[in-house]
**Q** 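Structure incoming, see below.
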Amino acid sequence: MKKTGIFILLFFISLAVSSQTISVEEYINIYKDIAILEMKRTGVPASVTLAQGLLETQNGNSDLVKRSNNHFGIKCKSNWTGASVFHDDDERGECFRKYGNAEDSYRDHSDFLRNGSRYAFLFGLDPADYKGWAYGLKKAGYATNPRYPDILIKNIEANNLHQYDLPETGETAGVKKMAILNEAGEINHAEMAVNDQMNTAKNLESIKAGKTLFNRLKAVYVLKGTSMLAIATEFDITLIKLMEYNDLKSDGLLKEDQWIFLEKKLKQGNRDFYIASHNETLYNIAQTNAVQLASLVQFNNIGEHDIIKKGTKIRLRPIEAHTDSKRKSSENKFHQVQLKEGLYAISNKYKVTVQELKEWNNLTVDALKAGQQLIISK
């Protein structure tokens, strides 16, 4: 129920944020669960995300965040196609990204770091190394303020934000399965089965109110050891459909924490490519990017069980269909004159006039030389 309360609180905050001042404690309480989910999805430490949010939004009270839901001061850049607002920063009237809600801003921030080549080295750090992340962000050029790392570290330590980087942080933490021994020191499989059922029940309690939009699809973040059948039952979806939505070939208990989609994933991603931050499978990448596994296999010519090495670029979209046609069109704009070939024969071949050929090639005479390159269309 805690997560439900957070999202209700987020709703009311969004209505009143323009007229109310939010304290540091309130900002952390409102957004920490989103930061934790993003940490699990992309590997960006929740402490660093929250510290950046506090700094960039003046604890949630800046004019920019009130007008744009932009919690991290991310500017438009040339590849941004969404809504925007203009705000004075390093220069007057700079373009900043605008989001529909805070969740979208947090998600875009994670993707911005995860998929930016200059930030790739950060994902090789220990996730608990918030100081390394703070100095690394400055080194990578995230901010121009020379005190940026010190401010982030101060925010983290003063507010104990590094507690959210721990593996069992917040309500997303599950119950660890333990081998239960009988009096003879042997594993009591019957009691372990009961324990598995209890784990599934407790995990489901934590995700009942957790249905959210992940890459614009209905999804829940589910812990290792949770039963697929229990998830299907909870959300009134047939087990076969749920498995199909998530590219799973066998049911049972999940082998790892992951997003489970409650509707069919997309045939292509929301950006051109994804850069692996550690050794992953194509299936993992399909789940973290909400793309059908078969599409990734087709786009990348990689087996679905192959291990993807860190730094590998994985296409999330097909190569534009018109790329080849454009290339062919470009190649066909020129013609190499053959022996004894004249303007009249070439004009007939390409359905253009002799006069056009002469104009396009600045020819003053009709004579041509073998091997000469002629422009034959414009």
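Just so you know, residue 1 is the first one in the sequence shown, and it goes up from there.
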**Q** So, the side chain of N61 versus the backbone of Q58: is there a donor-acceptor pair under 3.5 Å, distance only?
**A**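 Such a contact is found between N61 side chain and Q58 backbone.
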**Q** May I have the step-by-step check of salt bridge (Lys or Arg N to Asp or Glu O under 4.0 Å) for K249 and E304, ending in yes or no?
**A** CA-CA 12 Å; K249 293 181 173 61; E304 58 185 67; 3.0 Å; yes
**Q** State yes or no: do F96 and Y148 share one hydrophobic cluster built from I, L, V, M, F, W and Y residues joined by side-chain heavy-atom distances below 4.5 Å, directly or via other members?
**A**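 Per the 4.5 Å side-chain linkage, F96 and Y148 are not co-clustered.
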**Q** Is there a continuous path of hydrophobic side-chain contacts, each under 4.5 Å between heavy atoms, that joins L248 to L239?
**A**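 They do share one cluster, since a chain of ILVMFWY contacts under 4.5 Å joins L248 to L239.
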**Q** Check whether more than 12 heavy atoms from other residues, nucleotides or ligands sit under 6.0 Å from atom NZ of K98, and answer yes or no.
**A**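 Open: at most 12 neighbouring heavy atoms sit under 6.0 Å from NZ of K98.
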**Q** Are any non-hydrogen side-chain atoms of E341 and L368 less than 4.5 angstrom apart?
**A**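 When only atoms from C-beta onward are counted, L368 and E341 do not touch, as no gap falls below 4.5 Å.
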**Q** In Å, rounded to the nearest 0.5 Å, how long is the span from OG of S47 to NZ of K32?
**A**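 Rounded to the nearest 0.5 Å, the OG-NZ separation comes out at 14.0 Å.
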**Q** Kindly give the heavy-atom pair with the smallest separation between K138 and N145, and that separation in Å.
**A**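 Shortest heavy-atom separation between K138 and N145 comes out as CE-O, 3.2 Å.
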**Q** Could you tell me the separation between the OG atom of S250 and the CE atom of M243, rounded to the nearest 0.5 Å?
**A**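 If we round to the nearest 0.5 Å, S250:OG and M243:CE are 6.0 Å apart.
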**Q** Tell me whether Q336 contacts the main-chain N or O of Q373 through its side chain, where contact means a donor paired with an acceptor under 3.5 Å.
**A**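 Side chain of Q336 to backbone of Q373, a donor-acceptor pair under 3.5 Å: no, none is there.
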**Q** Could you tell me whether K139 sits above the aromatic face of F121, with NZ or CZ closer than 6.0 angstrom to the six-membered ring centre and within 45 degrees of the axis?
**A**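 Satisfied, under 6.0 Å and within 45°.
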**Q** Determine whether a donor-acceptor pair (N or O, by modelled atom type, separation under 3.5 Å) exists between the side chain of Q372 and the backbone of K369.
**A**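 Pair found, side chain donor or acceptor close to backbone of K369.
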**Q** Any donor-acceptor pair under 3.5 Å linking the side chain of D247 with the backbone of L293?
**A**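 Yes, the answer is positive, given that a donor and an acceptor are paired below the 3.5 Å cut-off.
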**Q** Please check this pair: side chain of Q287 against backbone of N284, looking for a donor-acceptor N/O pair closer than 3.5 Å.
**A**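 Side chain of Q287 to backbone of N284, a donor-acceptor pair under 3.5 Å: no, none is there.
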**Q** Does F112 belong to the same Ile/Leu/Val/Met/Phe/Trp/Tyr cluster as L64, with side-chain heavy atoms less than 4.5 Å apart forming each link?
**A**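 No, F112 does not connect to L64 through the hydrophobic network.
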**Q** What I want to check is whether the side chains of R114 and Y274 have a donor and an acceptor closer together than 3.5 Å.
**A**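 Checked: R114/Y274 side chains pair up, N/O donor to acceptor below 3.5 Å.
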**Q** Could you check whether R41 pairs with D111 (Lys NZ or Arg NE/NH1/NH2 to Asp/Glu carboxylate O, under 4.0 Å)?
**A**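 Judged by the 4.0 Å cut-off on N to carboxylate O distance, R41 and D111 do form a salt bridge.
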**Q** Hey, could you give me the CG/CD distance between N29 and E26, rounded to the nearest 0.5 Å?
**A**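 N29 CG to E26 CD: 8.0 Å, rounded to 0.5 Å.
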**Q** What's the shortest heavy-atom distance between N361 and I375, and which atoms?
**A**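 Shortest heavy-atom separation between N361 and I375 comes out as OD1-N, 2.7 Å.
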**Q** Using a 6.0 Å cut-off, check whether atom NZ of K131 has over 12 heavy atoms from anything other than its own residue.
**A**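 Incorrect, the count does not exceed 12.
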**Q** Answer whether the closest heavy-atom distance between the side chains of K218 and F235 falls below 4.5 Å.
**A**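 No. Closest side-chain heavy atoms not under 4.5 Å.
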**Q** With side-chain contact (heavy atoms from CB on, under 4.5 Å) as the criterion, how do F299 and Q268 come out once you've worked through the C-alpha distance, each side chain's angles and the decisive distance to 0.1 Å?
**A** CA-CA 9 Å; F299 300 160; Q268 61 181 38; 4.2 Å; yes
**Q** With ring centroids as reference points, do Y99 and H109 lie under 6.0 angstrom apart?
**A**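 Ring-ring flag for Y99/H109: false, centres at least 6.0 Å apart.
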**Q** Under 3.5 Å, side chain of N70 to main-chain N/O of I74, donor-acceptor pair present?
**A**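 Looks like yes, one N/O pair under 3.5 Å.
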**Q** Testing the basics here: between P149 and P146, what is the closest heavy-atom pair and its distance to 0.1 Å?
**A**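 The answer is CD-O, 3.7 Å.
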**Q** Taking all heavy atoms of A51 and all of N155, pick out the closest pair and write down the distance.
**A**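 Here A51 and N155 meet closest at O-ND2, 3.5 Å.
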**Q** To the nearest 0.5 Å, what is the distance between CG (L296) and CD (Q292)?
**A**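 The CD atom of Q292 is 9.5 Å from CG of L296, to the nearest 0.5 Å.
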**Q** Transitively linked via ILVMFWY side-chain contacts under 4.5 Å: I307 with I314?
**A**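 In one cluster with I307: I314, no.
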**Q** Walk me through it: do L374 and V337 pass the test side-chain contact (heavy atoms from CB on, under 4.5 Å)?
**A** CA-CA 7 Å; L374 288 184; V337 177; 3.8 Å; yes
**Q** Start with the C-alpha distance between Y135 and D129, add both sets of side-chain angles, then the distance that settles side chain to side chain donor-acceptor pair (under 3.5 Å), and finish with yes or no.
**A** CA-CA 10 Å; Y135 286 107; D129 184 10; over 6 Å; no
**Q** Measure the shortest side-chain to side-chain distance between I302 and V297 over non-hydrogen atoms and say whether it is less than 4.5 angstrom.
**A**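 No, too far: nothing below the 4.5 Å cut-off.
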**Q** Evaluate whether atom CG of N160 has more than 12 neighbouring non-hydrogen atoms of other residues, nucleotides or ligands under 6.0 angstrom away.
**A**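 Buried by this count: over 12 neighbours within 6.0 Å.
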**Q** Taking the cut-offs as 6.0 angstrom to the six-membered ring centre and 45 degrees off its axis, would you call K264 and Y245 a cation-pi pair?
**A**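 No, K264 and Y245 do not form such a contact.
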**Q** Just wondering, are more than 12 heavy atoms of other shown residues or ligands nearer than 6.0 Å to CG in N348?
**A**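 Correct, the count exceeds 12.
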**Q** Taking the six-membered ring for Trp and the full ring for Phe, Tyr or His, determine whether the centres of Y106 and F72 are under 6.0 Å apart.
**A**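 Judged by ring-centre distance (under 6.0 Å), Y106 and F72 do meet the cut-off.
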**Q** Taking all heavy atoms of L113 and all of Y119, pick out the closest pair and write down the distance.
**A**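 Scanning both residues, the minimum pair turns out to be O-CB, 3.4 Å.
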**Q** Considering only heavy atoms from C-beta outward, does the side chain of D366 approach that of K358 to under 4.5 Å?
**A**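 Yes, side chains in contact.
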**Q** Rounded to the nearest 0.5 Å, how far apart are CZ of R315 and CD1 of I285?
**A**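 Here the rounded value is 14.0 Å.
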**Q** Atom CG in L242, atom CG in D236: separation rounded to 0.5 Å?
**A**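 L242 atom CG to D236 atom CG measures 11.5 Å (nearest 0.5 Å).
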**Q** Is a side-chain N or O of D108 found less than 3.5 angstrom from the main chain of D104, in a donor-acceptor match?
**A**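 It does not hold such a pair.
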**Q** Carefully, step by step, assess Y130 and L152 under the rule side-chain contact (heavy atoms from CB on, under 4.5 Å).
**A** CA-CA 9 Å; Y130 61 86; L152 292 186; over 6 Å; no
**Q** Any donor-acceptor pair under 3.5 Å linking the side chain of Y283 with the backbone of N246?
**A**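 At least one qualifying donor-acceptor pair exists.
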**Q** So, the side chain of D165 versus the backbone of A46: is there a donor-acceptor pair under 3.5 Å, distance only?
**A**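 Looks like yes, one N/O pair under 3.5 Å.
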**Q** State, yes or no, whether a side-chain contact exists between M39 and T49 at a heavy-atom distance under 4.5 Å.
**A**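 In short, these two side chains do not touch, never coming nearer than 4.5 Å.
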**Q** With a sphere of 6.0 Å drawn around NZ of K267, does it hold more than 12 non-hydrogen atoms of other residues, nucleotides or ligands?
**A**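 Incorrect, the count does not exceed 12.
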**Q** Just so I know, are the side chains of L254 and K224 near enough to count as touching, which here means a heavy-atom distance under 4.5 Å?
**A**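 Not in contact.
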**Q** Tell me whether T312 contacts the main-chain N or O of I308 through its side chain, where contact means a donor paired with an acceptor under 3.5 Å.
**A**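 Here the side-chain-to-backbone pair does not exist.
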**Q** Counting C-beta onward and ignoring hydrogens, is there a side-chain heavy-atom pair between D63 and R67 closer than 4.5 Å?
**A**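 Side-chain contact under 4.5 Å: yes.
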**Q** If you take all heavy atoms of K265 and A286, which pair is closest and at what distance?
**A**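 Minimum heavy-atom separation between K265 and A286: NZ-CB, 3.9 Å.
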**Q** Check whether V291 and F273 end up in the same hydrophobic cluster, where Ile, Leu, Val, Met, Phe, Trp and Tyr are linked by side-chain heavy atoms less than 4.5 Å apart.
**A**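 No, it is not one cluster - the side chains of V291 and F273 are not joined through contacts under 4.5 Å.
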**Q** Heavy-atom distance under 4.5 Å between the side chains of F123 and I275, does that happen here?
**A**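 No, their side chains stay 4.5 Å or more apart.
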**Q** Show, in sequence, the C-alpha distance, side-chain angles and deciding distance for L50 and I156, and conclude whether the side-chain contact (heavy atoms from CB on, under 4.5 Å) test is met.
**A** CA-CA 8 Å; L50 288 168; I156 291 170; over 6 Å; no
